[in-house]
Protein chains: 2
Amino acid sequence: MVAQHANALTTITDKLQSLGILDQSDRDALGSLVFTVNTAPANHDLVRQGEAATSLQVLLDGYACRYKITAGGARQIVSFHLPGDILDAQQLLLGSADHFVQTITSATIGVVPLAEFRRILKLRPNIAEALWRDTLIDASIYREWVLNVGKRDVTSRIAHMLCEFAFRRENAGLGPPERCELPMTQHQIADATGLSAVHVNRVLHELARNGLIAADKPEVKIVDWSQLCRIGDFDPSYLHGAA
Amino acid sequence: MVAQHANALTTITDKLQSLGILDQSDRDALGSLVFTVNTAPANHDLVRQGEAATSLQVLLDGYACRYKITAGGARQIVSFHLPGDILDAQQLLLGSADHFVQTITSATIGVVPLAEFRRILKLRPNIAEALWRDTLIDASIYREWVLNVGKRDVTSRIAHMLCEFAFRRENAGLGPPERCELPMTQHQIADATGLSAVHVNRVLHELARNGLIAADKPEVKIVDWSQLCRIGDFDPSYLHGAA
DNA sequence: CGCAGCGTTGAACGTATTCAAAAGAGGTGG
DNA sequence: CCACCTCTTTTGAATACGTTCAACGCTGCG
């Protein structure tokens, strides 16, 4: 438990340090944070639309996604999340959540009481700036997703999604994009790309036939990274170095 | 010219005040801002992808949009902008722009040197917080757009886009959603919804046939606001009160 | 062992695109 | 003031793309 806590602290500090310049006082403030470590099973909602947050959640291990649903019940995943990602920074300043956050795999989450974190923000503007920068990068990623879902043909669209995930996974220190395994189901890929699961299946097979990926069941593995980036029209500059 | 400057100051201060609590010192700091007022014709790029910003641009009059393009040249509009909107807040903290910003109509823009604005941000944390909140709302709007483009059927999708625009237009003090005229072409609506202009034309006619909108050439006018919201699955809570 | 979820495949269908062509509107210059 | 040019809107027809429906195999878990 102590080891887990130390680990969690490192994760948060590393994340914020990658987003802005922190001095020793900033790191001390982060070190003084009171927080707990929770675990959640796969497909478990961590944030529910309409609810106000009482804490700040940081993904420490496992994968998650954000999603929204239409009145008709159709679900659209709007982003994927990796260890180190802050899952509900928006609740720091906005009222209730406008979307859901759900685990994809089983996950461990660092939970900081909201009042506690707000206190730190007031005292340490560097930390607030780092979080603002994180929000700006999130917004940039959403823009790319609007483009991806709106204008790319299906092969390119799925390839782009895979590239983004593999790239961010590497940035988060989880291994190189080559031989990257993906934790999500084809149904989840469909929800993220605005397609049907059936069609995702066909396109993945097409990509596999062309030697870009390999079905390393039950997951998918990237074989030809540079080709996949070309097909997927993937240029990571929109990530602005995001972890 | 003096009148224009005073007007521009009011626009910026009102915008920030709607996003957070400003005290007198904050307002004084904003009042001390050195800036100029420019005009731009319709369809003119105000921000170009890949370029670093040297100034902060605030839309004072007219309409604008953000867009991205694929390697194949397809264009996707990712947001619309109204008077009061800050057009390149992201450049405050990120490096180069990851997208374009273009005028839809002829427009007037308030331009603040970036160094000048950064100075204010360091001194006035309330202003930084208001801008962060603005970024969070932007991100929420992008999420809704991913859902809109990814999962809504065409009629609903176009209706939602119209509702969002009319709603924000009212919030910006430009008149009620009923009898709201839209400044964009059908081609621009197509670029925003991920459709072809031909099909947008057909759907707009369908909406007109059902008495939801009226073709008040060359623009489109909303007739039955509440029905359009229903058809468009439009719930403004994701705008978090954005102007 | 049986159930549930995920992946896979085929066939029919429907929606939106593409192509093409023409009419309307606004602006410019002669 | 009119003629012309361009951009936008409009319409029809053929086409292509992705969905839907249905069924089955596989895997992991209770």
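Reckoned from all heavy atoms, side chains included, excluding hydrogens, waters and symmetry mates. To find a chain, count down the sequence lines: A is the first, B the second, and so on, and within it residues start at 1.
- When ring centroids are compared, A:His44 and A:Phe100 stay outside the 6.0 Å threshold.
- You'll find the side chain of B:His199 reaches within 4.5 Å of the side chain of B:Ser196, heavy atoms only.
- Counting only distance, with no hydrogens or angles, the side chain of B:Thr103 and the backbone of B:Ser106 share no donor-acceptor pair below 3.5 Å.
- Salt bridge B:Arg169/B:Glu164: absent, no basic N to carboxylate O contact under 4.0 Å.
- Taking only side-chain nitrogens and oxygens, B:Gln188 never comes nearer than 4.0 Å to OP1 or OP2 of D:dT8.
- Counting to the nearest Å, the P atom of D:dT9 and the CG atom of B:Asn201 are 8 Å from each other.
- For DNA chain C, the span of nucleotides reached by chain A at under 4.0 Å from its heavy atoms goes, 5' to 3', from C:dG7 to C:dA11.
- Checked against the 6.0 Å centroid threshold, B:Phe167 and B:Phe234 count as a close aromatic pair.
- Note: A:Tyr142 and B:His99 fail the aromatic proximity criterion, with ring centroids not under 6.0 Å apart.
- Using a 4.0 Å cut-off between charged nitrogen and carboxylate oxygen, B:Arg48 and B:Glu51 count as a salt-bridge pair.
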- Item | Reading 5' to 3' through nucleotides 16-22 of chain D, protein heavy-atom contacts under 4.0 Å coded B for base, S for sugar-phosphate only, - for none | --BBBB-
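- Going from atom CD1 of B:Ile189 over to atom CG of B:Leu162 covers 5.5 Å, rounded to the nearest 0.5 Å.
- Side-chain contact between A:Leu136 and A:His240 is absent, with no heavy atoms from C-beta onward closer than 4.5 Å.
- With axes fitted over five pairs at each extremity, the angle between the ends of the helix from C:dC1-D:dG30 to C:dG30-D:dC1 is 40° (10° resolution).
- Taking the side chain as every heavy atom from C-beta outward, B:Thr36 and B:Asn38 approach each other to under 4.5 Å.
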